[in-house]
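This report refers to the structure that appears directly beneath it.
The sequence lines fix the lettering, A, B, ..., with proteins before strands; numbering per chain opens at 1.
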Amino acid sequence: AQSVAQPEDQVNVAEGNPLTVKCTYSVSGNPYLFWYVQYPNRGLQFLLKYITGDNLVKGSYGFEAEFNKSQTSFHLKKPSALVSDSALYFCALHNTDKLIFGTGTRLQVFP
Amino acid sequence: SAVISQKPSRDICQRGTSLTIQCQVDSQVTMMFWYRQQPGQSLTLIATANQGSEATYESGFVIDKFPISRPNLTFSTLTVSNMSPEDSSIYLCSVGQTHTEAFFGQGTRLTVV
């Protein structure tokens, strides 16, 4: 079965420090992976995607993600966190025409 | 890209009543999706709205409870029928093509009292 897992409910990081939000997946065939961010009282915004090609994908707001096929992971990273990055982050897997979302990770960046 | 307008943005409704949520897209799209996000939880797909045919519902969701209309390629509605407090959630409209990024409306925050 196709699935996405985000093992951490919350990640806390100090402003200026690097951040990582973890995501692992299970899929038969090629994975099509996405990261979305949800700010309070807002819909989801697309951050980045992996379809094929380079394992390191760069996206919006300075975020990047590393696709690792052997570890079936697609962790979201940023070299230097901002307080404004505090939000809810969702990893998602594209399955036929549908998106399967992880449970979400709340990122809290404190000054 | 696509810009999605969803309304209402929030509502407080009495149990037993129904609420219709509208989703308008600024371009023609083949498929529109409706999601539910219960408090503190992830997004769950309710159904895929197809123009010119009945919506395709996911397991656990039925047409009588969540009737969907898709009269054209830029508009869809989701109705939450005979509401109970358990229906209190954020409902999100989305569009997207296979293997490309999806775009979401800002959501409708529904509280049933």
Side-chain angles (χ1 to χ4, degrees), chain A residues 1-10 21 23 25 27 29-53 57-61 63 65 67 74 76 87-106 108, chain B residues 1-11 21-25 29-51 53 55-61 89-111:
Chain A
Q2 329 265 18
S3 65
V4 174
Q6 293 180 245
E8 303 157 316
D9 290 337
Q10 180 152 334
V21 183
C23 172
Y25 66 90
V27 65
N30 294 324
Y32 300 95
L33 297 159
F34 299 78
W35 276 101
Y36 290 86
V37 59
Q38 186 177 35
Y39 296 101
N41 301 315
R42 303 281 294 278
L44 272 70
Q45 297 178 31
F46 168 76
L47 276 179
L48 50 79
K49 66 183 177 186
Y50 173 83
I51 303 298
T52 186
V57 179
K58 294 189 183 298
S60 306
Y61 311 121
F63 283 93
F67 172 70
F74 189 56
L76 181 70
L88 189 55
Y89 290 81
F90 290 99
C91 183
L93 172 70
H94 217 298
N95 176 28
T96 58
D97 294 323
K98 307 170 191 175
L99 278 173
I100 300 171
F101 285 89
T103 50
T105 299
R106 185 165 300 280
Q108 187 67 49
Chain B
S1 67
V3 177
I4 303 173
S5 300
Q6 190 175 333
K7 48 182 185 179
S9 59
R10 58 177 63 230
D11 208 341
I21 303 167
Q22 297 180 4
C23 179
Q24 178 76 52
V25 189
V29 293
T30 305
M31 288 187 290
M32 298 176 73
F33 303 90
W34 286 99
Y35 289 86
R36 181 174 73 182
Q37 185 179 18
Q38 292 179 302
Q41 298 191 26
S42 186
L43 281 75
T44 302
L45 182 64
I46 297 172
T48 303
N50 309 302
Q51 196 269 333
S53 63
T56 305
Y57 289 84
E58 298 298 305
S59 175
F61 297 96
S89 291
I90 298 173
Y91 292 85
L92 293 146
C93 170
S94 172
V95 302
Q97 302 295 327
T98 303
H99 304 154
T100 66
E101 58 268 34
F103 298 93
F104 290 83
Q106 74 273 28
T108 297
R109 184 179 294 273
L110 171 62
T111 303

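Interface remark: A:Tyr32 contributes side-chain atoms only to the contact with chain B (heavy atom separation under 4.5 Å). In this structure, chain A has a heavy atom under 4.5 Å from the side chain of B:Glu58, while its backbone stays farther away. Proximity to chain B (any heavy atom under 4.5 Å) is shown, for A:Leu99, by both the backbone and the side chain. For chain A, no part of B:Phe103 is nearby; none of its heavy atoms comes within less than 4.5 Å. Only the side chain of B:Leu45 comes within less than 4.5 Å of a heavy atom in chain A; its backbone stays farther off. For A:Gln38, the part lying near chain B is the side chain, with the backbone staying farther off; criterion is any non-hydrogen pair under 4.5 Å. For A:Leu33, no part sits under 4.5 Å from any heavy atom of chain B, backbone or side chain.
Not one N or O on the side chain of B:Ser42 forms a donor-acceptor pair closer than 3.5 Å with the backbone of A:Gly104.
In A:Lys49, the NZ atom is crowded: over 12 heavy atoms of neighbouring residues, nucleotides or ligands sit closer than 6.0 Å.
Of the residues considered (B:Arg109, B:Gln41, B:Arg10, B:Gln37), B:Gln37 shows the highest number of contacts with chain A, using heavy-atom pairs under 4.5 Å.
Here A:Phe101 contributes atom CZ and B:Tyr35 contributes atom OH; the two are 4.5 Å apart, rounded to the nearest 0.5 Å. Between the CD atom in B:Glu101 and the NE2 atom in A:His94 there is a gap of 9.5 Å [rounded to 0.5 Å].
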